[in-house]
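First comes the structure, then the notes that go with it.
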Amino acid sequence: MPEILLIDDNEEILTANSAYLTAQGFAVSCADTGVKAISLLNANRYDCIVLDILLPDLDGFALCKAARTVTHAPILILSCLDAPDDKVIGLATGGDDYMTKPYSLKELAARIRALLRRGEGKVVPSGDVYIDRDNRILHVCGKNTLFSEKEFNLFLLFYENPGTFFTKEAIRERIWGNGTELGNIAVMVLRLRRKITFAEPVIGVIETHYKTGYCFIPPDLGA
């Protein structure tokens, strides 16, 4: 059952949203202040956050940005602020979707389900690292890098098989289906190494071993 956190200072809206989403099969927690929301986010894991921007104690945009430091759950922003700049700020501070009030409860539930489906393509190995499979992005400690399709597939091959050696022939078969020259493998590995250099202290390194090929060594395996 998906866990949803609703953050809104309007009691009527909070009650209506909570009742409808509960009836739709969601487990719902509520916060009517930014301080309470932060407390709940620090203590629990949520699959989606629905955040009203105008709160009595904290700026909603600041809260959205702060939430991103403790969770990778999708954030749906609800607001009566409908200016284009407000939407841009909301998405730039960590929001994944933006709905303006008034809205239908049916649409609210549909938007949440869409965000949850989108989130199924993401892997969250730890609090400091997550991999966005939909967009082929590696996020590590607030920094990120974007991969091409082949780079991303190669990265996943290494990252999901730590300590395993892959020859150039094996890599070519797994990534290209034998559709590239062996010399291109070394070029691609070099390019991948450059892209993940910033993340190596956290995720590990790709090592080259004479004759046996390439191997991904995470920090705990290399210690």
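The basis for the numbers below is simple: all heavy atoms, side chains too, and nothing from hydrogens, waters or symmetry mates.
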request  = Please lay out, stage by stage, how Cys64 and Ile77 fare under the test side chain to side chain contact (heavy atoms under 4.5 Å, CB included).
outcome  = CA-CA 9 Å; Cys64 184; Ile77 295 175; 4.2 Å; yes

message = For a quick test of reading the model, state the closest non-hydrogen atom pair linking Cys30 to Val28 and the distance between them.
response = SG-CG1, 4.0 Å

In one Ile/Leu/Val/Met/Phe/Trp/Tyr side-chain cluster, 4.5 Å: Tyr46, Leu58 = yes

task = Kindly indicate whether the side chain of Ile13, heavy atoms from C-beta on, has any atom under 4.5 Å from the side chain of Asp52.
result = no

Carboxylate-amine/guanidinium proximity below 4.0 Å for Lys36 and Asp57 = no

Any Asn161 side-chain heavy atom under 4.5 Å of Phe216 side chain = no

ask   = Between Val202 and Phe155, is there a shared hydrophobic cluster once you connect ILVMFWY residues whose side-chain heavy atoms come closer than 4.5 Å?
value = yes

ask   = Nearest 0.5 Å, what's the CG-SG distance between Leu5 and Cys48?
value = 9.5 Å

message = Taking atom CD as the centre, does Glu181 end up with more than 12 heavy-atom neighbours from other residues, nucleotides or ligands that are less than 6.0 angstrom away?
response = no

query = Considering only heavy atoms from C-beta outward, does the side chain of Asn153 approach that of Phe147 to under 4.5 Å?
reply = no

key: In one Ile/Leu/Val/Met/Phe/Trp/Tyr side-chain cluster, 4.5 Å: Phe198, Phe152   = yes

task = Examine Ile131 and Ile137 and state if one hydrophobic cluster contains both, with Ile, Leu, Val, Met, Phe, Trp and Tyr joined whenever side-chain heavy atoms are less than 4.5 Å apart.
result = no

message = Contact between Phe26 and Ile112 at the side-chain level, heavy atoms closer than 4.5 Å - yes or no?
response = yes

request  = Determine, step by step, whether Leu138 and Tyr159 satisfy the side chain to side chain contact (heavy atoms under 4.5 Å, CB included) criterion, reporting the C-alpha distance in whole Å, the side-chain angles of both residues, the deciding distance to 0.1 Å, and the verdict.
outcome  = CA-CA 11 Å; Leu138 170 67; Tyr159 188 77; 5.9 Å; no

Side-chain donor or acceptor of Arg193 paired with backbone N/O of Ile206 under 3.5 Å = yes

task = Return the minimal non-hydrogen interatomic distance between Asp9 and Pro56, and the atom names on each side.
result = CB-CD, 3.4 Å

remark   = Separation between OH (Tyr103) and SG (Cys80), nearest 0.5 Å, reads 11.0 Å

query = In Å and rounded to the nearest 0.5 Å, what is the CG to CZ distance from Leu51 to Phe61?
reply = 9.0 Å

inquiry  = I need the minimum non-hydrogen distance between Asp96 and Pro74, along with the two atoms involved.
reply    = OD2-CA, 3.1 Å

task = Return yes when atom NZ of Lys195 has more than 12 non-hydrogen atoms of other residues, nucleotides or ligands closer than 6.0 Å, and no otherwise.
result = yes

Cluster overlap Leu146 with Val140, hydrophobic side-chain contacts below 4.5 Å = no

message = Applying side chain to side chain contact (heavy atoms under 4.5 Å, CB included) to Thr33 and Leu55, what does each step give before you reach the verdict?
response = CA-CA 6 Å; Thr33 66; Leu55 297 172; over 6 Å; no

Gap separating the CD1 atom of Ile217 from the CD1 atom of Ile203, nearest 0.5 angstrom = 12.5 Å

request  = Can you measure from CD (Gln24) to CZ (Arg113) and round to the nearest 0.5 angstrom?
outcome  = 5.0 Å

task = Verify side chain to side chain contact (heavy atoms under 4.5 Å, CB included) between Glu11 and Asp32, making sure each step is shown before the conclusion.
result = CA-CA 8 Å; Glu11 184 177 353; Asp32 56 6; over 6 Å; no

query = Should Ile175 and Lys150 count as side-chain neighbours, where that means a heavy-atom distance under 4.5 Å?
reply = yes

inquiry  = Determine whether a donor-acceptor pair (N or O, by modelled atom type, separation under 3.5 Å) exists between the side chain of Thr71 and the backbone of Arg68.
reply    = no

query = Do the side chains of Arg174 and Phe166 get nearer than 4.5 Å, heavy atoms only?
reply = yes

request  = Determine the minimum heavy-atom distance between Arg136 and Ser148, stating which atoms define it.
outcome  = NE-C, 3.5 Å

query = Should the ring pair Phe158 and Tyr214 be called parallel, tilted or perpendicular, given that the plane angle runs from 0 to 90° and is split at 30 and 60?
reply = perpendicular

key: Short N-O contact, Arg45 and Glu3, less than 4.0 angstrom   = no

query = If you take all heavy atoms of Leu192 and Glu151, which pair is closest and at what distance?
reply = CD1-O, 4.0 Å

request  = Without swapping roles, check the side chain of Lys168 against the backbone of Gly213 for a donor-acceptor pair under 3.5 Å.
outcome  = no

remark   = On a heavy-atom basis, the closest approach of Ala67 and Ile75 is CB-CD1, 4.1 Å

key: Side-chain heavy atoms of Asn184 within contact of Trp176, under 4.5 Å   = no

message = Any non-hydrogen side-chain atom of Ile171 less than 4.5 Å from a side-chain atom of Met188?
response = no

note = Separation between OG1 (Thr22) and CG (Leu6), nearest 0.5 Å, reads 8.0 Å

